[in-house]
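First the structure, in the form of structure tokens, and then the observations on it.
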Amino acid sequence: MRYDKPNTEGSLVQYASRYDNLIGGEWVPPASGQYFENISPVNGRAFCEVARSSADDVEKALDAAHAAKVAWGKTPAAERANALLKIADAMEANLERLAVSETWDNGKPVRETLAADLPLAIDHFRYFAGCLRAEEGSMAELDEHTVAYHIKEPLGVVAQIIPWNFPLLMAAWKLAPALAAGNAVVLKPAEQTPATIMLWAELASEILPPGVLNVVQGFGVEAGKPLAQSARVSKVAFTGETTTGRLIMQYASENIVPVTLELGGKSPNVFFEDVMAKDDAFRQKALEGFAMFALNQGEVCTCPSRALVQSSIYDDFMELATARTRAIEPGDPLDTNTRIGAQASNDQLEKILSYIDIGKKEGAKLCLGGERVKLPGDLEGGYYVMPTIFEGDNKMRVFQEEIFGPVVSVAKFDGFDDAIATANDTLYGLGAGVWTRDTHTAFRAGRAIEAGRVWTNCYHLYPAHAAFGGYKRSGIGRENHKMMLEHYQQTKNLLVSYDPNPMGFF
Amino acid sequence: MSARVEATEAAVQLVRELAREHGPLMFHQSGGCCDGSAPMCYPAGELRIGARDVLLGEIEGCPFYIGGEQWERWKHTRLVLDVVPGRGAGFSLEAPRGVRFLIRSELCEPSGA
């Protein structure tokens, strides 16, 4: 089926003509009175206006967050967890509407938003509601008369800067643990994808007390930067790239606050020769695992954009893998049969094309795709790219930098040691894939690859309760796991003596 | 060392406009996801340049840096700063103008390293 375009009669999604900031439970116009046009990458046309905020708006949001933080932090865990569960329920009741909106805002196929983005985001709130209910501090008896209590306390007010590739899901990854842990949040969505989060905030603001959740829209340099620089936040969480990651650490160092950074990768997807040993379901699964580079148009921090294939199976495997990939053709993202949609923005499209250009210049062999696609009719102005396969050498730039598009670079390896050396020959260490029928190889490879997440005989699963985060230059901290509560908490130690006698020092 | 980065005429014009609005500028080449691989343009001194950053050249008098480890993997290429319509993310100064700096690349001649 095909969903109606938002803002047309019969569509599930009717956007307001403009969106203000959510501050202290109210919809507050930006101090400057300025708005920016929000463009759908599906057709390249603007569909709503969004607040172009500045430092003044960030300050207002911080005022509201600070006014709300004490009461929220003292709200019983059962009540906070209940609020998260209600948010999940509200999202579930609006799943199709939010999914269609996310497709329109980001360009990804509705097939994915319906089956992945929304269900994962909903589950994330439920997961952290559960974690919160089950969380305990600790107590240690140091001696007969002395005990050390460790009590979790919220940080207070935290800043969260969200990327544009999974706008709602990445917001959920950051918001759910922060809110569960009792913090008030000032959230800055990505300027490419600000819309769905506003539909979501309309739901969430009915559930959360005013000021607990504040959303400030705008450009990075005008709104994100003053938020990251503020001495009034106790933590900054950011997903993006390395230079901005460095800046955020630099700002945080000025305020001596912690950061969580997820800065991407160049994830290897390693296929050992035994995947081809039988023509069975597992071989099909492995081939699907290869094609996963096209998921979300390749705009995934863990895109399996380096496929490493054992030389003994290389030709046979690549013939099947290329055929599998050829079947993935860009189409209308609102059609539930479409498996690859639009790149999120024109500049992203241009960047992908520039990498295809450098790949060719470096001498990589273009095996498939390699060009922009102009779809007919209303979609003509959208940003579509054919899934692209390069063969080459791991030293090439198309093997070394995340293109963030549907482009995979494939190289051969000989034996286990060569596979691991090539897999680890990267600055990054976020994700990796290992495919083998041999359990020894599976575990040895998974442990030897320097990455925070090694999908073993699977890829692109993002369930709550499986920690996600990077080694090396891919960032600091983890997401997606109950340990994230601690990322958003202080530890209060009460060191208590019930010995009535003096210590005897003075 | 010869400059390893240059700029298209459109990029030069934009750098001049940004310099008029913001004063002296600097560039740092990003890596990683999202807007990774995009050059970031900041007021001069905004990003603390570290011991391993490499100065690739200047665009209209504005220094252009890249992380040393990244340069090790990029140094067979020559970078060309260009500009395209778009919005980007991150804190780069040009984004509110509806344009985004972009890096195009040429292969270095073997003798030109």
Side-chain angles (χ1 to χ4, degrees), chain A residues 36-37 39 52 161 163-165 190-192 218-222 224-225 228 239-248 250 262-266 299-303 345-351 354-355 357-358 361-363 395-397 399-404 426-428 430 473-475, chain B residues 18 22 26-43 45-50 53 65-80 82-108:
Chain A
F36 64 92
E37 282 195 329
I39 293 164
R52 180 176 169 181
I161 300 176
W164 45 260
N165 58 341
E191 48 269 57
Q192 290 94 336
F219 295 107
V221 62
E222 295 174 346
K225 182 177 163 183
T239 294
E241 31 61 48
T242 57
T243 296
T244 307
R246 273 176 61 172
L247 256 188
I248 283 176
Q250 181 184 312
E262 199 271 80
L263 305 178
K266 186 68 185 176
E299 293 168 348
V300 191
C301 293
T302 39
C303 176
S345 63
N346 180 65
D347 46 308
Q348 187 57 28
L349 168 74
E350 291 278 0
K351 190 177 82 179
S354 80
Y355 263 105
D357 177 60
I358 188 69
K361 287 175 182 164
E362 285 181 304
K395 299 292 182 199
M396 293 174 171
R397 274 184 53 194
F399 283 80
Q400 288 294 332
E401 279 296 319
E402 191 56 270
I403 297 167
F404 230 52
T426 170
L427 296 178
Y428 307 103
L430 189 59
R473 302 295 177 260
S474 290
Chain B
L18 290 170
H22 299 282
M26 65 182 294
F27 287 88
H28 194 274
Q29 173 63 48
S30 192
C33 278
C34 302
D35 279 39
S37 312
M40 299 295 174
C41 178
Y42 302 134
E46 181 76 24
L47 177 74
R48 182 189 174 279
I49 291 304
D53 285 305
Y65 295 95
I66 186 172
E69 292 175 318
Q70 195 169 332
W71 181 239
E72 277 302 305
R73 292 156 193 271
W74 283 39
K75 65 184 180 186
H76 60 289
T77 56
R78 190 164 49 82
L79 310 186
V80 181
D82 197 4
V83 61
V84 295
R87 183 162 289 161
F91 302 160
S92 200
L93 286 171
E94 78 283 11
R97 292 167 175 254
V99 291
R100 186 73 182 92
F101 284 117
L102 175 83
I103 285 295
R104 303 192 190 280
S105 305
E106 300 292 340
L107 226 52
C108 291

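Reckoned from all heavy atoms, side chains included, excluding hydrogens, waters and symmetry mates. Just so it is clear: chains get the letters A, B, ... in the order the sequence lines come, proteins before strands, and each one is counted from 1.
Neither the backbone nor the side chain of A:Leu349 comes within contact range of chain B; no heavy atoms are under 4.5 Å apart. For A:Tyr355, the part lying near chain B is the side chain, with the backbone staying farther off; criterion is any non-hydrogen pair under 4.5 Å. Proximity to chain B (any heavy atom under 4.5 Å) is restricted, for A:Gln400, to the side chain, taken from C-beta onward. For chain B, the nearby part of A:Lys395 is the backbone; its heavy atoms alone come within less than 4.5 Å. At a 4.5 Å heavy-atom cutoff, the contact between A:Glu362 and chain B is made by backbone and side-chain atoms alike.
The most heavy-atom pairs under 4.5 Å with chain B, out of A:Ile39, A:Val221, A:Ile358, A:Leu430, come from A:Val221. Most heavy-atom pairs under 4.5 Å with chain A: of the set B:Arg100, B:Glu72, B:Glu106, B:Glu69, this distinction falls to B:Glu69. Of the listed residues (A:Pro163, A:Gly240, A:Ser354, A:Gly245), the one with the most heavy-atom contacts under 4.5 Å to chain B is A:Gly240. Options A:Lys225, A:Glu241, A:Gln348 differ in how many heavy-atom pairs under 4.5 Å they form with chain B, and the most are formed by A:Glu241. Put simply, of B:Ser92, B:Pro85, B:Pro96, the one with the most heavy-atom pairs under 4.5 Å next to chain A is B:Pro96. By number of non-hydrogen pairs under 4.5 angstrom with chain A, the leading residue of B:Gly67, B:Gly50, B:Gly98, B:Gly88 is B:Gly88.
The closest donor-acceptor contact from the side chain of A:Arg397 to the backbone of B:His76 lies at 3.5 Å or more, if one exists at all. Side chain of A:Lys351 to backbone of B:Asp35: no donor-acceptor contact under 3.5 angstrom is found. Side-chain atoms of A:Glu401 do not come within 3.5 Å of backbone N or O of B:Arg73 as any donor-acceptor pair. Listed for the A:Lys361 side chain is a donor-acceptor partner under 3.5 Å among the backbone atoms of B:Ser105. Judged by distance alone, with hydrogens and angles left aside, the side-chain atoms of A:Glu299 form no donor-acceptor pair with the main-chain N or O of B:Cys34 at under 3.5 Å. Checked by atom type and distance alone, the side chain of A:Glu402 never pairs as donor or acceptor with a backbone atom of B:Gly36 at under 3.5 Å. Counting only distance, with no hydrogens or angles, the side chain of B:Arg87 and the backbone of A:Ser345 share no donor-acceptor pair below 3.5 Å.
A salt bridge links A:Glu350 to B:Arg104: one of the charged nitrogens lies within less than 4.0 Å of a carboxylate oxygen.
Rounded to the nearest 0.5 angstrom, B:Gln70 CD and A:Leu427 CG are separated by 6.5 Å. To the nearest 0.5 angstrom, A:Leu247 atom CG is 4.0 Å from B:Tyr42 atom OH. To the nearest 0.5 angstrom, B:Leu47 atom CG is 5.0 Å from A:Arg246 atom CZ.
Nearest heavy atom pair, residue A:Thr242 against residue B:Ser30, reads N-OG, 3.4 Å.
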